[in-house]
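Worth knowing before you read on, the calculation uses all heavy atoms, side chains too, and leaves out hydrogens, waters and symmetry mates.
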Amino acid sequence: MNSSMEDPQAVKDDFENRVARMAVDSQRLKDERHKSFSRTNKSFQKERKFSGFRNFYVANSQFKESEAGHCNSYEAAEYYHKEAARKKQEFLSEIAADEAGAKSP
């Protein structure tokens with residue numbers, strides 16, 4: 001019976017070798033997936049992101065130098081609110097004129 005049993009030290013050594021092989025294989029698989037070995041170190045390149053909002057940008061060249069030109073500004077918001085109110089008044093007056101025209105004949 002003892003002749004068919006494995007040596008405890010051999011079992012322990014095999015286990016350690018298996019764990020080491022799995023660690024190497026898992027690291028190799030990670031490197032292959034993420035390709036860290038093929039990428040260059042880009043620490044010398046300038047960071048393209050900037051911190052905070054530096055300035056307003058123009059939405060369209062048609063609106064340049066006008067209140068509506070600067071996106072994300074209070075002036076542009078106020079301009080578009082005024083334009084919306086003006087258009088609403090135009091629509092309401094047009095509807096009122098159509099109703100008045102329909103009732104008169």
Listed by chain and number, what are the side chain to side chain contact (heavy atoms under 4.5 Å, CB included) partners of Glu78, not counting sequence neighbours? Lys82
What residues, two or more places apart in sequence or in another chain, satisfy side chain to side chain contact (heavy atoms under 4.5 Å, CB included) together with Asp98? Glu94
Looking at CZ of Arg86 and CZ of Phe91, how far apart are the two atoms once the value is rounded to the nearest 0.5 Å? 9.5 Å
Less than 4.0 angstrom from a charged side-chain N to a carboxylate O is my criterion; do Lys87 and Glu90 meet it? no
Pairs flagged by side chain to side chain donor-acceptor pair (under 3.5 Å) wherever residues 14-24 is involved - sequence neighbours left out: none
What I'd like to find out is whether the side chain of Phe15 reaches to under 4.5 Å of the side chain of Val11, using heavy atoms alone. no
